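Here the structure is a predicted model, which is why all the values come from computation and not from measurement. Below, chains carry the letters A, B, ... as their sequence lines are ordered, and counting in each starts from 1.
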Amino acid sequence: MAKTPGNSVVVGVGGTPPGSNTKYETAAHPPCHCKKSKCLKLYCDCFASERYCSDCKCSNCQNSPDFEDIRSKAIADTRSKNPNAFKPHATGCRCKKSACLKKYCECFTAGVVCGGNCKCEGCKNFVGSQL
DNA sequence: GAGTTTGAAACT
DNA sequence: CAGTTTCAAACTC
Ligand SMILES: [Zn+2]
Ligand SMILES: [Zn+2]
Ligand SMILES: [Zn+2]
Ligand SMILES: [Zn+2]
Ligand SMILES: [Zn+2]
Ligand SMILES: [Zn+2]
């Protein structure tokens, strides 16, 4: 754990962080903000990673041990539709407006150049685009 | 923080 | 498979 420069305070989970420079000791996964998916579809990054929601900002969340039965069925259902659903993505993007240079693009977000599996338009995320 | 944009995921 | 809708995150202001 690198020390934070300056006077930032490392704090665990809990109530509202008082300061703007508060950092989390355990760089936990970022909280999701799902509302309609109940965190039981791949829209939810927690669910997509088979993680329970923890300290998330979701509403109507069922991705928790309290809903183990529902959650397990949702996982099974998702996997039955797509056996690769819970495997690391490698499918390629289909961006049309971001030039694959914004985080809307999964390739860009992953720090990977677009490849043969991508079907993007106006892509600028290719080998040689780095100055 | 509210509103808009974006493209994966879901659905038909 | 293609077209459409839904959704939550990225982005903008
Ligand atoms: Zn969620
Ligand atoms: Zn979550
Ligand atoms: Zn949740
Ligand atoms: Zn892309
Ligand atoms: Zn790509
Ligand atoms: Zn691309």
Where is the tightest heavy-atom contact between [X] and [Y], given as atom of each residue plus distance?
X: A:Arg51; Y: A:Asn63; result: O-ND2, 2.6 Å
X: A:Ser37; Y: A:Tyr43; result: CB-CD1, 4.3 Å
X: A:Arg79; Y: A:Phe86; result: NH2-CD1, 3.7 Å
X: A:Pro31; Y: A:Lys57; result: CB-N, 4.1 Å
X: A:Phe67; Y: A:Gln62; result: CB-O, 3.3 Å

(Q) Distance check needed: C:dC7 C1' versus A:Asn63 CG, whole Å only. (A)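 Roughly 16 Å, once rounded to whole Å.
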Q: Can you tell me the distance, in whole Å, between the NE2 atom of A:His33 and the C1' atom of B:dG1?
A: 12 Å
Q. What string of B, S and - do you get for nucleotides 5-12 of chain B 5' to 3' if you count protein non-hydrogen atoms under 4.0 Å?
A. BSSBBSS-
Q. Any sub-3.5 Å donor-acceptor pair from A:Ser129's side-chain atoms to A:Lys124's backbone N or O?
A.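 Yes, because the side chain of A:Ser129 sits within donor-acceptor range (under 3.5 Å) of the backbone of A:Lys124.
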Q. Reckon A:Lys102 has a side-chain N or O less than 4.0 Å from the OP1 or OP2 of C:dA9?
A.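 Checking C:dA9 against A:Lys102, no side-chain N or O comes under 4.0 Å of OP1 or OP2.
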Q. Pick from A:Cys100, A:Cys93, A:Cys95: which one makes a side-chain contact (heavy atoms from CB on, under 4.5 Å) with A:Asn125?
A. A:Cys100
**Q.** Five-pair end axes of the helix from B:dG1-C:dC13 to B:dT12-C:dA2 and the angle they enclose, rounded to 10°
**A.**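 Taking the rotation axis at each end, their angle is 0°.
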Q.
Please evaluate residues A:Asp77 and A:Lys81 with respect to the criterion salt bridge (Lys or Arg N to Asp or Glu O under 4.0 Å), reporting the C-alpha separation (whole Å), side-chain torsions for both, the decisive distance (0.1 Å), and the verdict.
A. CA-CA 6 Å; A:Asp77 186 50; A:Lys81 294 173 189 168; 3.1 Å; yes
